[in-house]
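Below is one structure; the comments refer to it alone.
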Amino acid sequence: MDARDPDLKKELDAALQTRKELGAEYESELVDSFMEKVEQRFNDTADRHVRRQLAEQQMATARGARPYATGTQPDQSHGLGVGERFAFVGVSLVLAIPLSAIGVVNEGLPGLLITWAGIFGVNAVHAMGGFSWLRRGRKEEESGV
């Protein structure tokens, strides 16, 4: 657990302690409860990020620059708009919930960590523009090639 989020670490410690006290029969409910807290924390962080991006776009538009969603800014050389990136993160988060439950039920904490490492990896590749083959195929369809 990253030291940057001590509240989430406390929640995990509390869930693990509760699991020790209540036994394995409540494990599913404890995992679901913890995952809801992780999801809420993630949603709050994503919400703040999107609001910040929108504010930056509004400032850029007010100054006469083109907005980031066009993919013409230096930090977006791969041409992804805010909406596309946010949708990808949202879909991966929604899919993360059942995948996390499957990982925990089958392998426990190592399964959860492996699941989230995979989710992080997919999102990192997407954020760096690693799915360019997908966009290239879409551009070819649009141009009729």
Side-chain angles (χ1 to χ4, degrees), residues 1-61 65-143:
M1 201 50 45
D2 193 357
R4 292 182 292 174
D5 199 345
D7 293 336
L8 201 54
K9 183 175 182 346
K10 288 178 188 175
E11 292 288 342
L12 178 60
D13 290 341
L16 292 173
Q17 186 62 34
T18 303
R19 195 252 185 224
K20 287 178 187 175
E21 293 173 7
L22 297 178
E25 59 271 5
Y26 292 101
E27 186 171 301
S28 177
E29 290 84 3
L30 290 170
V31 168
D32 289 343
S33 173
F34 179 72
M35 290 310 299
E36 286 176 14
K37 291 172 185 171
V38 170
E39 179 182 11
Q40 183 61 44
R41 186 70 47 90
F42 182 82
N43 285 339
D44 292 344
T45 302
D47 219 21
R48 282 193 309 273
H49 180 73
V50 168
R51 282 195 306 263
R52 184 175 354 109
Q53 288 288 80
L54 289 174
E56 288 175 3
Q57 284 181 357
Q58 290 172 347
M59 290 296 292
T61 301
R66 298 184 72 184
Y68 291 125
T70 63
T72 59
Q73 295 298 324
D75 64 334
Q76 288 191 351
S77 59
H78 50 307
L80 296 178
V82 173
E84 183 178 344
R85 289 182 290 147
F86 186 72
F88 188 87
V89 169
V91 168
S92 68
L93 178 62
V94 168
L95 293 175
I97 296 168
L99 290 173
S100 297
I102 291 168
V104 167
V105 167
N106 289 320
E107 294 296 325
L109 185 59
L112 179 66
L113 295 175
I114 290 169
T115 300
W116 277 94
I119 292 165
F120 174 80
V122 167
N123 280 285
V125 168
H126 183 263
M128 293 187 307
F131 296 130
S132 60
W133 58 270
L134 181 61
R135 283 189 310 284
R136 187 172 44 247
R138 240 188 305 167
K139 287 179 184 175
E140 289 172 0
E141 286 177 8
E142 290 173 359
S143 66

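We're numbering straight along the sequence, starting at 1. As the structure is a computational prediction, the values presented were derived from the model and not from experiment.
Counting heavy atoms from C-beta on, the side chains of His49 and Thr45 never come closer than 4.5 Å. Two residues are said to be in side-chain contact when any heavy atoms from C-beta on lie closer than 4.5 Å; Leu12 and Leu8 fail this criterion. Here the side chains of Lys10 and Asp13 are not in contact, with every heavy-atom distance at 4.5 Å or above. Side-chain contact between Arg41 and Lys37 is absent, with no heavy atoms from C-beta onward closer than 4.5 Å. Here the side chains of Lys20 and Gln17 are in contact, with some heavy-atom distance below 4.5 Å. With a 4.5 Å cut-off on side-chain heavy atoms, Glu29 and Leu22 do not count as touching. Under the 4.5 Å side-chain criterion, counting only non-hydrogen atoms from C-beta, Phe34 is in contact with Glu11.
Atom CD of residue Glu56 and atom CZ of residue Arg52 lie 6.5 Å apart, to the nearest 0.5 angstrom. With rounding to the nearest 0.5 Å, the separation of CG in Leu30 from CE in Met35 is 13.5 Å. Note: Arg19 CZ to Glu25 CD = 8.5 Å, rounded to the nearest 0.5 Å. Annotation: the span from Met59 atom CE to Leu54 atom CG amounts to 13.5 Å, rounded to 0.5 Å.
More than 12 heavy-atom neighbours from other residues, nucleotides or ligands sit within 6.0 angstrom of CZ on Phe42.
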Could you pull out all donor-acceptor pairs under 3.5 Å where a side-chain atom in residues 89-109 meets a protein atom, sequence neighbours excluded?
{"unit_1": "Ser92", "atom_1": "OG", "unit_2": "Phe88", "atom_2": "O", "d": "3.3"}
{"unit_1": "Ser92", "atom_1": "OG", "unit_2": "Val89", "atom_2": "O", "d": "2.9"}
{"unit_1": "Ser92", "atom_1": "OG", "unit_2": "Asn123", "atom_2": "OD1", "d": "3.2"}
{"unit_1": "Ser92", "atom_1": "OG", "unit_2": "Asn123", "atom_2": "ND2", "d": "3.1"}
{"unit_1": "Ser100", "atom_1": "OG", "unit_2": "Ala96", "atom_2": "O", "d": "2.7"}
{"unit_1": "Ser100", "atom_1": "OG", "unit_2": "Trp116", "atom_2": "NE1", "d": "2.8"}
{"unit_1": "Asn106", "atom_1": "ND2", "unit_2": "Ile102", "atom_2": "O", "d": "3.1"}

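Comment: Asp47 engages Arg51 in a salt bridge, judged by a side-chain N to carboxylate O separation of less than 4.0 angstrom.
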